[in-house]
Amino acid sequence: MLELFPAIKEDLSPKVVHKQSASSDIYAQSKWTECLELIKDNVPSQVYLTWFEPIQALRLENSKLVVKIPSQFFCEWIEEHYYPLLEKTIKKCLGPSGSLEYEVVIEETGDSLEERTIKMPAFKYPTSKSDPQVDSNEGAIEFTSHLNPRYVFENFVQGDNNQFASSASIAISDNPGTTRFNPLVIYGETGLGKTHLVQSIGNRIVQNKRAKRVLYSTSERFAMEFINSIQNNRTNDFSNFYRSVDVLIIDDIQFFQGKEKTQDNFFHTFNAIHQAGKQIVLTSDKPPRDLKEVDDRLISRFQWGLIVDIQPPDYETRIAILQKKSKDEGIELPGDVLDYLAKHTTSNVRELEGTLISLVAKHTFERKELNLDLAAEVVHGIASVKEKEYSLETIKQIVAEYFKLSVQSLDSKSRKQEIVLARQMAMYLTKEYTQLSLKSIGKQFGNRDHSTVIYSCKSICDLISTNPSMKNTFQALIARINR
């Protein structure tokens with residue numbers, strides 16, 4: 001990151017720090033305390049404790065305040081993220097000509113009593129409209145929240161099966177971090193709308209500006225980023241980033257199972273965020289107490305707030321979902337078709353949406369009339385596929401041919417996008433249409449872990465429900481399997 005400060009390089013030669021008078025030191029400390037009071041009102045408390053409280057005032061030279069910082073990276077991070085706030089604060093407290101200079105103290109290892117320093121002038125970033133702006137009302141620095149804008153409460157169909165979870169989610173989104181629902185843990189089987197609900201929380205908070213930083217992530221992404229931070233020797237950066245958010249949403253915490261170091265890092269991250277009065281939202285496929293290979297300390301903290309489940313939708317809710325989704329597809333289903341689909345597709349919302357997708361596809365591409373015969377054909381086709389037993393080799397061959405790949409590539413370690421997508425689709429179809437266990441499936445796809453299979457299946461389910469092209473791909477593969 002040194003290239004961010006090209007003009008600093010000439011200042012990096014060791015320089016002797018000359019002691020100033022005691023009165024000068026006291027006045028500098030007084031002025032910096034005044035600055036800190038303003039900064040404290042404009043940044044999250046955890047950011048203040050991590051990045052500003054460690055800074056110490058050394059002396060005041062005319063209108064230049066010299067402060068001591070722990071490291072050169074420390075300087076770069078503050079300048080990159082809080083340049084406008086620092087500049088405004090210094091000008092306000094020291095006047096229009098006020099300036100700031102950092103000193104990184106390098107301790108002597110020999111007998112010399114002199115301290116060597118690296119001096120770095122502040123405010124190296126030119127003021128522009130593209131700079132993050134921070135004032136008394138807006139303390140947020142924009143960053144990627146990873147929220148899907150399609151997941152909002154307006155698109156979430158409430159029913160008896162999810163009413164409590166939905167009400168709690170709305171309460172949190174209106175008052176993040178201030179309710180007793182912290183953390184909020186929503187659990188339930190796959191395909192019931194957990195991801196939709198928790199992302200709705202994040203989107204509503206962002207829309208209503210109830211918090212400055214909202215971050216959605218998955219346990220898999222958290223684990224991978226943590227591993228990368230270890231490899232790149234940037235674990236402090238990783239921890240500081242996650243602890244700086246105001247609302248942290250982590251999906252599928254069951255994937256923390258067996259990852260001891262990741263769990264330990266998340267434990268400390270959880271503590272820091274919770275103690276700072278910030279909101280934590282989690283999802284799981286089972287109650288926290290039933291999670292295996294998860295540290296008891298984490299389980300205990302998951303149980304601090306509110307734990308609520310989502311059940312499969314009842315008949316009335318399935319009707320409402322079908323009406324909502326068919327309207328989104330631009331069609332209106334006859335009452336008898338709605339009734340038939342709702343009565344014969346009962347397991348989860350994703351399966352219901354998949355059935356509707358098949359119905360719409362046949363109606364659109366094959367010009368078939370929307371009636372009971374078509375509904376029965378779709379439901380029977382999906383049920384028939386699930387009732388049949390297919391061999392793993394057959395599924396691999398069909399998927400490989402469709403994606404124009406070799407069967408061997410599905411078992412390889414390649415991370416090319418087209419191979420990863422084909423591999424995930426093959427895993428999903430194998431899980432749905434064979435009796436193989438998750439562990440067995442993973443073993444047959446390059447000796448992968450069962451958690452990889454679960455993640456792959458969830459990824460394909462999400463793509464089928466949100467990506468029209470993936471819907472068509474899925475339908476084409478099902479048709480080939482049937483043939």
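Values below: all heavy atoms of this structure, side chains included; hydrogens, waters and symmetry mates excluded.
- With contacts defined as side-chain heavy-atom distances shorter than 4.5 Å, the pair Phe255/Ile454 qualifies.
- Scanning both residues, Pro313 and Leu192, for their nearest heavy atoms gives CD-CD2, 4.1 Å.
- Checking Thr452 against Asp449 by side-chain atom types alone, no donor-acceptor pair falls below 3.5 Å.
- No hydrogens or angles considered: a donor-acceptor pair under 3.5 Å links the side chains of Tyr315 and Asp339.
- Side-chain contact between Pro183 and Trp304: present, with at least one pair of heavy atoms (C-beta onward) separated by less than 4.5 Å.
- Using a cutoff of 4.0 Å between basic side-chain nitrogens and carboxylate oxygens, Arg423 and Glu418 are not scored as salt-bridged.
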Fill in: salt bridge (charged side-chain N to carboxylate O under 4.0 Å, His left out) between Glu154 and Lys324, worked out
CA-CA 11 Å; Glu154 290 74 13; Lys324 171 68 176 173; over 6 Å; no
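- Distance alone, capped at 3.5 Å, places no donor-acceptor pair between the Ser166 side chain and the Asn162 backbone.
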N/O donor to acceptor pairs below 3.5 angstrom from side-chain atoms of residues 396-404, sequence neighbours left out:
from: Lys396; atom 1: NZ; to: Asp411; atom 2: OD1; distance (Å): 2.8
from: Lys396; atom 1: NZ; to: Asp411; atom 2: OD2; distance (Å): 3.2
from: Lys396; atom 1: NZ; to: Gln444; atom 2: O; distance (Å): 2.7
from: Gln397; atom 1: NE2; to: Glu401; atom 2: OE2; distance (Å): 2.9

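- Of the possible donor and acceptor atoms, none in the side chain of Thr179 sits under 3.5 Å from a partner among the backbone N and O of Asn175.
- The main-chain N or O of Ala165 is found under 3.5 Å from a side-chain atom of Ser169 such that the two form a donor-acceptor pair.
- Rounding to the nearest 0.5 Å places CD of Gln424 at 11.5 Å from NZ of Lys458.
- Note: Asp295 CG to Thr262 OG1 = 12.5 Å, rounded to the nearest 0.5 Å.
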Item to complete: Step by step, work out the side-chain contact (heavy atoms from CB on, under 4.5 Å) result for Leu147 and Val206.
Response: CA-CA 10 Å; Leu147 292 168; Val206 171; 4.0 Å; yes
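- Panel note: side chain Ser300, backbone Asp296; no donor-acceptor pair is recorded below 3.5 Å.
- Using a 4.5 Å heavy-atom cutoff, the side chains of Val308 and Val185 are not in contact.
- Side-chain atoms of Leu86 and Ile39, non-hydrogen and from C-beta on, do get closer than 4.5 Å to each other.
- With Ser219 contributing its side chain and Asp252 its backbone, the two residues share a donor-acceptor pair below 3.5 Å.
- Judged purely by atom type and a 3.5 angstrom limit, Gln279 uses its side chain to pair as donor or acceptor with the backbone of Gly177.
- Here the closest heavy-atom approach between residue Pro312 and residue Asn161 is recorded as O-CB, 3.4 Å.
- Here the two rings, on Tyr151 and Phe156, have centers that are 6.0 Å apart or farther.
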Fill in: Residue pair Gln303, Leu298: steps toward the side-chain contact (heavy atoms from CB on, under 4.5 Å) verdict
CA-CA 9 Å; Gln303 295 174 330; Leu298 266 182; over 6 Å; no
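- A donor-acceptor pair under 3.5 Å is formed between the side chain of Lys278 and the backbone N or O of Arg243.
- Contact record, Ile319 with Ala342: CD1-CB, 3.6 Å, taken as the closest heavy-atom pair.
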Worksheet item: Please walk me through it: do Ser459 and Asp462 pass side-chain hydrogen bond (donor to acceptor under 3.5 Å, both in side chains)?
Response: CA-CA 5 Å; Ser459 297; Asp462 289 342; 5.8 Å; no
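- In this structure, a donor-acceptor pair under 3.5 Å is absent between the side chains of Gln263 and Asn265.
- Taking OG of Ser145 as the reference point, atom CG of Asn203 lies at 7.0 Å (rounded to 0.5 Å).
- In this structure, OG1 on Thr218 lies 7.5 Å from CD1 on Ile250, to the nearest 0.5 angstrom.
- The shortest side-chain heavy-atom distance between Lys286 and Leu291 falls under the 4.5 Å cut-off.
- Contact of the Leu421 side chain with the Met425 side chain is not registered, since no non-hydrogen atoms from C-beta on lie closer than 4.5 Å.
- Here the closest non-hydrogen pair linking Ile280 and Ile273 is CG1-CG2, 3.7 Å.
- Side chain of Ser284 to backbone of Pro287: no donor-acceptor contact under 3.5 angstrom is found.
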Discussion item. Walk me through whether Ser412 and Gln408 qualify under side-chain hydrogen bond (donor to acceptor under 3.5 Å, both in side chains).
Written reply: CA-CA 6 Å; Ser412 70; Gln408 290 74 19; over 6 Å; no
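- Taking CE of Met224 as the start and OG of Ser217 as the end, the distance is 12.0 Å to the nearest 0.5 Å.
- Between the side chain of Lys194 and the backbone N or O of Glu189, at least one donor-acceptor pair lies under 3.5 Å.
- Judged purely by atom type and a 3.5 angstrom limit, His146 has no side-chain atom pairing as donor or acceptor with the backbone of Leu215.
- Ring orientation note: the planes of Phe238 and Phe226 are tilted relative to one another, at an angle of 30° to 60°.
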Discussion item. With side-chain contact (heavy atoms from CB on, under 4.5 Å) as the criterion, how do Tyr428 and Ile395 come out once you've worked through the C-alpha distance, each side chain's angles and the decisive distance to 0.1 Å?
Written reply: CA-CA 10 Å; Tyr428 176 70; Ile395 293 175; over 6 Å; no
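- Considering all non-hydrogen atoms of both residues, Met427 and Ser456 come closest at SD-OG, 3.5 Å.
- At a cut-off of 3.5 Å, with distance as the only test, no side-chain donor of Gln199 or Asn148 sits close to an acceptor on the other residue.
- Between Ser244 and Arg213, the side chains place a donor N or O and an acceptor N or O closer than 3.5 Å (distance only, hydrogens not considered).
- For Phe266 and Tyr242, the ring centers are positioned 6.0 Å apart or more.
- Nearest heavy-atom pair across Leu410 and Phe445 is O-CD2, 3.8 Å.
- The number of heavy-atom neighbours closer than 6.0 Å to CD of Glu260, taken from other residues, nucleotides and ligands shown, is 12 or below.
- Around CG of Asn232, the count of heavy atoms belonging to other residues, nucleotides or ligands within 6.0 Å exceeds 12.
- Taking the side chain as every heavy atom from C-beta outward, Leu184 and Ile307 never approach each other to under 4.5 Å.
- Judged by the 6.0 Å distance and 45° axis criteria, Arg297 is positioned over the aromatic ring of Phe267.
- Defined by atom type and a distance below 3.5 Å, a donor-acceptor pair is present between the side-chain atoms of Thr195 and Asp251.
- Side-chain polar atoms of Asn271 and Arg301 form a donor-acceptor pair below 3.5 angstrom.
- Surrounding OH of Tyr455 are at most 12 heavy atoms belonging to other residues, nucleotides or ligands under 6.0 Å away.
- You'll find the side chain of Arg204 stays beyond 4.5 Å of the side chain of Val152, heavy atoms only.
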Fill in: Test log, rule side-chain contact (heavy atoms from CB on, under 4.5 Å), inputs Leu333 and Leu356
CA-CA 10 Å; Leu333 296 180; Leu356 179 61; 3.7 Å; yes
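- Atoms OG1 and CG, from Thr89 and Asn42 in turn, are 6.5 Å apart once rounded to the nearest 0.5 Å.
- Heavy atoms of other residues, nucleotides or ligands lying less than 6.0 angstrom from CG of Asp160 number 12 at most.
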